[in-house]
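Following: one structure in structure tokens, then a few remarks.
In what follows, every chain begins at residue 1, and chains take the letters A, B, ... in the order their sequences are listed. Since we're looking at a predicted model, the values are computed, not measured. Keep in mind that the numbers below use all heavy atoms, side chains included, and drop hydrogens, waters and symmetry copies.
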There are 2 protein chains.
Amino acid sequence: MKVGVVGMGLIGGSMAKAIHKKTEHTVIGWDASETVRLSAKLLEAADEFMVDGNPKDCDLVLIALYPQATVDYVRQHAKDFKKGAMVVDCAGVKRLVCQNVQDIAAENGFIFIGAHPMAGIERSGFNFSSEKIFEGATMILTPFRGTDIADVDRLSQFFKSIGFARMQVATDAEHDQMIAYTSQLAHVVSSAYIKSELSPNFKGFSAGSFHDMTRVAKLNETMWTELFLVNKDYLADEIDGLVERLQAYSKVIRNGDGDTLKAMLKDGKEKRLAVDVVKEFD
Amino acid sequence: MKVGVVGMGLIGGSMAKAIHKKTEHTVIGWDASETVRLSAKLLEAADEFMVDGNPKDCDLVLIALYPQATVDYVRQHAKDFKKGAMVVDCAGVKRLVCQNVQDIAAENGFIFIGAHPMAGIERSGFNFSSEKIFEGATMILTPFRGTDIADVDRLSQFFKSIGFARMQVATDAEHDQMIAYTSQLAHVVSSAYIKSELSPNFKGFSAGSFHDMTRVAKLNETMWTELFLVNKDYLADEIDGLVERLQAYSKVIRNGDGDTLKAMLKDGKEKRLAVDVVKEFD
């Protein structure tokens, strides 16, 4: 089939490369930047390119743009999608995208399914894209209520064919709430952690925990600002929850209350061990 | 020379194994637990054992006990150390230990140097010890003012011979303040992070950042309770500082202030990139 890839940054570029290398499908690429299109052509990440981003003739269209740009793209090309085509976005927040395109899809006769690849590196752009980044990763799918299970299954098989190990289905709101905790909060903490006045003196005093704790502070601030603000209710609640828990630790530590502190640390250890148990049965 | 190793848990056990395998020194081990002594004997982690923990005849004594137990041990055996012997502790906090043993060392004619190996895993006890855990690691040394540089150099050569890659010298207070930030705070955050009500549902929604952020919640709560409380002033200040910074993120996110948020994230990215630059010249 003909697969359109709109937006050839880290995720879109990697999708194009993975489809090109691992399947027989034809990749019809598009990126607003001519430099990116030329790079994609040179590296044979796409077989052809769309004209002005028009997705006509594509059986499957993967949109890998920022959230608001995704909505804008679907709106702009609402009448260009092939009837019955499957259109899938890859944005890191799902309510904004899914809620804004649902009616457009129904009115214009294409199928829309939200998706969020749980893969990424602390780099962005086509130059860092690779057909390997999805290997072993989870793809979260957020289909609308009433979506035909056969379509979800077809999409799922497609993503597995380009390297994804497993699918996770959720509503857009469930996705946004969980992602606020498992991913967005981690990026906020990492960014806040590195800003201690002591950080310039870390050399010689850091072990793995410091590096793990600050790794994702190396983020694309433009993209993450949009992701955070689109999800601000869930994310701010998670930050505030963590703040409250940290304040409880600070209090028992200042008070020298060893028994309480030990019980709190034991509880944290047990909750973390439970995560490992689940992982083992993945 | 004869090297005493007092306390054969993860760190002491690993030291004994590393000395035994990588040097010609004789290891005289000791652990209060008979089971540990028997394990150490079976695995040939020590050539001989002390009698009731008495360090007599040892040229170098490495103490790998909890902080208060370290002070108690030095006090109890103050008159047993060989004159001119070098006595080194491995505790993760240095003010409590160094400040309490300084006079004892001077009065009893042995040299004391504080040390903190920046190595460890989320496991404890002799059974997890390995001669490899110090490979490539930094050893922080906190000698008293006035310590002969030749002695510090001798100790430094010894630690390099068992695998350490580099030494970092600091005062005990500098050490405790930096460690509160680079290591202790990471453990507190990790423990607090995992306690969101959402954590049992993480499956399918977690990427590397969630795992990095929570990894060290798997800690030995008895040891870390003591380490935190002995360093409570510096640690509580670091927690409170992080809480303030997180509250600033929460506020701009709730307010939807994109320009400020973007500037905050960019600042965090740049501070984190500076860490990488320093690491490259390690």
Side-chain angles (χ1 to χ4, degrees), chain A residues 118 138 168 178-179 181-183 186 188-189 191-196 198-199 201-207 209-210 212-219 221 224-225 228-229 232 235-236 238-243 245-247 249-250 253-254 256 258 261-262 265-266 268-269 271-273 275 278, chain B residues 118 138 168 178-179 181-183 186 188-189 191-196 198-199 201-207 209-210 212-219 221 224-225 228-229 232 235-236 238-243 245-247 249-250 253-254 256 258 261-262 265-266 268-269 271-273 275 278:
Chain A
M118 296 303 289
T138 298
Q168 171 75 37
M178 282 308 297
I179 269 329
Y181 170 54
T182 58
S183 168
V188 171
V189 170
S191 184
Y193 199 105
I194 198 67
K195 293 187 187 178
S196 165
L198 297 176
S199 82
N201 311 321
F202 82 96
K203 194 167 185 292
F205 295 94
S206 71
S209 56
F210 174 68
D212 281 0
M213 203 51 64
T214 59
R215 181 177 60 84
V216 290
K218 285 186 283 183
L219 44 70
E221 67 272 11
W224 285 95
T225 294
F228 288 173
L229 293 189
K232 64 184 180 182
L235 176 56
E238 283 303 313
I239 300 173
D240 293 351
L242 178 63
V243 160
R245 299 195 293 279
L246 287 171
Q247 284 170 327
Y249 281 84
S250 171
I253 289 167
R254 273 200 205 280
L261 178 58
K262 191 168 156 181
L265 294 175
K266 185 160 185 279
K269 176 175 75 174
K271 289 196 162 66
R272 184 54 177 77
L273 287 171
V275 166
V278 173
Chain B
M118 296 303 289
T138 299
Q168 172 75 37
M178 280 309 295
I179 268 332
Y181 170 55
T182 58
S183 168
V188 171
V189 170
S191 184
Y193 199 105
I194 198 68
K195 293 187 187 178
S196 166
L198 298 175
S199 82
N201 311 321
F202 82 96
K203 192 164 186 293
F205 296 94
S206 71
S209 56
F210 175 68
D212 282 1
M213 203 52 63
T214 58
R215 182 178 60 84
V216 292
K218 286 185 282 184
L219 44 69
E221 67 272 11
W224 285 95
T225 294
F228 287 172
L229 293 188
K232 63 183 180 182
L235 176 56
E238 282 304 312
I239 300 173
D240 294 350
L242 179 64
V243 160
R245 297 193 296 277
L246 287 171
Q247 285 171 327
Y249 282 83
S250 172
I253 288 167
R254 272 199 204 283
L261 178 58
K262 191 169 159 180
L265 294 175
K266 185 161 187 276
K269 176 175 76 174
K271 289 194 160 67
R272 183 56 177 76
L273 287 170
V275 166
V278 172

Quick one: of B:Glu221, B:Lys232, B:Gln247, B:Glu238, who has the most non-hydrogen atom pairs under 4.5 Å with chain A? B:Glu221

Any donor-acceptor N/O pair, A:Thr182 side chain to B:Phe205 backbone, under 3.5 Å: yes

What residue in A:Gln168, A:Lys266, A:Met178 has the most heavy-atom pairs under 4.5 Å with chain B? A:Met178

Residue pair A:Leu246 / B:Leu246, side-chain heavy-atom distance below 4.5 Å: yes

Locate the shortest heavy-atom distance separating B:Thr138 from A:Gly204; write the atom from each residue and the value. CG2-O, 3.5 Å

Please find the pair of heavy atoms, one from B:Ala186 and one from A:Tyr193, that lie closest to each other, and give the distance. N-OH, 2.9 Å

One option among A:Leu273, A:Val216, A:Leu242 has the most heavy-atom pairs under 4.5 Å with chain B, and it is A:Leu242

Quick one: list whatever passes side chain to side chain donor-acceptor pair (under 3.5 Å) with B:Thr214, sequence neighbours left out. A:Arg272

Heavy-atom distance under 4.5 Å to chain B: side chain of A:Leu235, backbone, both or neither? side chain

Side chain / backbone / both / neither for B:Leu265 at chain A, heavy atoms under 4.5 Å: both

Shortest non-hydrogen pair, A:Lys269 vs B:Lys218, comes out as CG-CA, 4.0 Å

Give, as side chain, backbone, both or neither, the part of A:Thr225 having an atom under 4.5 angstrom from any heavy atom of chain B. both

At what distance, to the nearest 0.5 angstrom, does CG of B:Leu229 lie from CG of A:Leu261? 5.5 Å

Between B:Ser196 and A:Arg245, is any pair of side-chain heavy atoms under 4.5 Å apart? yes

Chain A contact via B:Val189 - which portion, at a heavy-atom distance below 4.5 Å: both

Could you tell me which residues satisfy ring pair (Phe, Tyr, Trp, His ring centres under 6.0 Å) with A:Phe228, sequence neighbours excluded, listed by chain and number? A:Trp224

Show the nearest heavy-atom pair for residues B:Ser183 and A:Ser209, with the distance to one decimal. CA-OG, 4.0 Å

Between A:Tyr181 and B:Phe202, is the ring centroid distance below 6.0 Å? no

Contacting moiety of B:Leu198, where chain A heavy atoms sit under 4.5 Å: both

Atom CZ of B:Arg215 and atom CG of A:Asp212: how far apart are they, to the nearest 0.5 Å? 4.5 Å

